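Worth knowing before you read on, the calculation uses all heavy atoms, side chains too, and leaves out hydrogens, waters and symmetry mates. A quick note: this is a predicted structure, and the numbers were derived from the prediction, not measured. Residue numbers begin at 1 in each chain, while the letters A, B, ... track the order of the sequences.
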Number of protein chains: 2
Amino acid sequence: MQLSKSSQYAIRILAYMVDYKDSKLLNATELSETLLIPYKFLTKIMTEVVKSGLVISIRGRDGGYCFAKPPSEIKVNEILTIFNDSIKDEQCVLGIGFCNGMCKCALHDQWMEPKHLMQKMFQESTLEEIAGRGCKI
Amino acid sequence: MQLSKSSQYAIRILAYMVDYKDSKLLNATELSETLLIPYKFLTKIMTEVVKSGLVISIRGRDGGYCFAKPPSEIKVNEILTIFNDSIKDEQCVLGIGFCNGMCKCALHDQWMEPKHLMQKMFQESTLEEIAGRGCKI
DNA sequence: TTTTAATTCTACCTTTAAGTAGTAATTATT
DNA sequence: AATAATTACTACTTAAAGGTAGAATTAAAA
């Protein structure tokens with residue numbers, strides 16, 4: 001009952017990138033060391049984030065990562081979709097297919113509210129909003 | 001972001017057992033066929049449920065499973081704990097250790113409400129309550 | 001006492017997530 | 001042109017979840 005490590009790390013990485021204000025790019029080594037995320041795993045994750053189009057990478061010396069669009073326009077849910085962690089409407093708590101009005105599982109009704117709150121949390125929160133808050137490690 | 005298959009199946013199995021009113025015991029073959037759960041996987045799951053003390057098994061011919069205590073006294077959460085799926089208080093959405101008042105993650109505050117709703121749902125719902133509802137497959 | 005129908009146990013197989021290793025490609029600097 | 005610093009790619013390893021196979025155990029019934 002939790003997000004994949006990839007999603008958790010990706011959100012933390014991008015939230016950290018928002019706060020980072022500097023002329024030079026943020027690179028994998030620095031992200032790995034400050035966020036305590038294994039270097040090789042971090043680069044693997046970032047490669048997927050880059051492919052998704054949220055982030056741009058510059059290779060070679062002095063390279064690193066930066067946002068492809070303003071963090072105020074990036075919803076947390078966009079990060080989850082990269083790793084197939086987005087909460088789908090049709091997926092219910094007991095894993096039964098087609099759990100809806102006609103035929104619904106024993107916990108269907110009680111599941112609706114927490115599900116919608118989570119969907120709302122992920123779909124409406126922007127990176128910009130959440131970045132200011134909290135600690136990163 | 002979902003329960004393990006073991007927890008999902010176990011809840012569905014026990015909920016079905018509540019509705020079953022018959023002189024003879026419910027056995028693995030019948031449960032497997034009516035709930036469309038792989039037989040061998042189901043017996044593995046039930047062995048753990050029996051070990052937890054929620055259910056009693058009778059071996060040998062005409063054997064099967066029945067509740068060790070009334071379903072009205074069994075909370076859904078007791079099933080989750082068998083498979084380590086219970087939602088822990090200290091566990092937060094971004095997987096950071098010690099995410100609390102002092103140092104909390106970027107989504108900590110928004111996570112509280114859905115988390116508590118889920119905990120409430122699992123901790124307060126009894127098997128008896130949820131069994132009447134919904135379809136089983 | 002043998003047969004039969006049931007659970008239990010031990011061990012394995014498969015798939016996926018998580019993490020690691022090494023090399024290739026790219027780019028700024030010297 | 002060489003070097004150093006960076007990401008990308010390919011492939012592997014490890015751990016856990018999900019699932020399967022077969023033999024052992026149990027107990028009712030013939």
Under 4.0 Å between a side-chain N or O of [X] and OP1 or OP2 of [N]?
X      : N       : answer
Y9(B)  : dA17(D) : no
T47(A) : dA8(D)  : yes
S57(B) : dT8(C)  : yes
T29(A) : dA5(D)  : no

Classify the nucleic acid contact of F83(B) as base, sugar-phosphate or nothing, counting any heavy atom under 4.0 Å across all strands shown.
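The answer is nothing, as F83(B) stays clear of every strand by at least 4.0 Å.
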Would you classify K51(A) as touching base, sugar-phosphate or nothing, given that sugar-phosphate means primed atoms plus P, OP1 and OP2, and contacts are heavy atoms under 4.0 Å?
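Result for K51(A) = sugar-phosphate.
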5' precedence on DNA chain D between T43(A) and S7(B) (nearest-nucleotide basis)
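Of the two residues, T43(A) wins.
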Could you give the [atom1]-to-[atom2] distance, from [X] to [N], as a whole number of Å?
X      : N       : atom1 : atom2 : value
D85(A) : dT16(C) : CG    : C1'   : 13 Å
F41(B) : dC13(C) : CZ    : P     : 18 Å
I45(A) : dT7(D)  : CD1   : P     : 14 Å
I37(B) : dT20(D) : CD1   : P     : 12 Å
E48(A) : dT7(D)  : CD    : C1'   : 14 Å
L25(A) : dA5(D)  : CG    : P     : 16 Å
L3(A)  : dA18(C) : CG    : P     : 10 Å
M46(B) : dT20(D) : CE    : P     : 18 Å

Sugar-phosphate atoms are those with a prime plus P, OP1 and OP2; base atoms are the rest. Using that split, label each nucleotide of nucleotides 21-28 of chain D B, S or - for protein heavy atoms under 4.0 Å, 5' to 3'.
BB--BBBB
With respect to the side chain of Y39(A), which nucleotide from dC9(D), dT7(D), dA18(C) is positioned closest?
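Taking heavy atoms from C-beta onward, the closest nucleotide is dT7(D).
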The side chain of K44(B) is closest to which nucleotide in this list: dT6(D), dA11(C), dT7(C)?
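Among dT6(D), dA11(C), dT7(C), the one nearest the side chain of K44(B) is dA11(C).
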Side-chain donor-acceptor distances from residues 66-76 of chain A under 3.5 Å, at least two apart:
{"from": "K69(A)", "atom 1": "NZ", "to": "E78(A)", "atom 2": "OE1", "distance (Å)": "3.2"}

Return each pair, listed once, that meets salt bridge (Lys or Arg N to Asp or Glu O under 4.0 Å) where at least one residue sits in residues 36-65 of chain B; pairs must be two or more places apart or across chains.
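Matches after skipping sequence neighbours: none remain.
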Among residues two or more places apart or on two chains, list those pairs meeting salt bridge (Lys or Arg N to Asp or Glu O under 4.0 Å) that have a residue in residues 114-126 of chain B.
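Qualifying pairs: K120(B)-E124(B).
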S125(B) side chain to M121(B) main-chain N or O, any donor-acceptor pair under 3.5 Å?
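Yes, because the side chain of S125(B) sits within donor-acceptor range (under 3.5 Å) of the backbone of M121(B).
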Counting N and O atoms only, with roles assigned by atom type, does the side chain of T81(B) sit under 3.5 Å from a partner on the main chain of N84(B), one being a donor and the other an acceptor?
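Judged by distance alone, no pair lies under 3.5 Å.
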Which pairs with one or both residues in residues 78-100 of chain B pass ring pair (Phe, Tyr, Trp, His ring centres under 6.0 Å), sequence neighbours excluded?
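Residue pairs passing ring pair (Phe, Tyr, Trp, His ring centres under 6.0 Å), neighbours aside: none found.
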Write out all pairs satisfying ring pair (Phe, Tyr, Trp, His ring centres under 6.0 Å) with one or both partners inside residues 25-61 of chain B, taking only residues at least two apart or from two chains.
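Found Y9(B)-F41(B).
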Honestly curious: do I130(B) and L117(B) fall in one hydrophobic cluster under the side-chain, below-4.5 Å linking rule?
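No: no chain of side-chain contacts under 4.5 Å links I130(B) to L117(B).
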Tell me every residue that passes side-chain hydrogen bond (donor to acceptor under 3.5 Å, both in side chains) with Q123(B), counting only those two or more places apart in sequence or in another chain.
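Result, side-chain hydrogen bond (donor to acceptor under 3.5 Å, both in side chains) vs Q123(B): none returned.
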Partners passing side-chain contact (heavy atoms from CB on, under 4.5 Å) against E33(A) (at least two apart in sequence or in another chain)
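Partners of E33(A) under the side-chain contact (heavy atoms from CB on, under 4.5 Å) test: T29(A).
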Heteroatom pairs (N/O) under 3.5 angstrom, protein to nucleotides 14-16 of chain D:
none

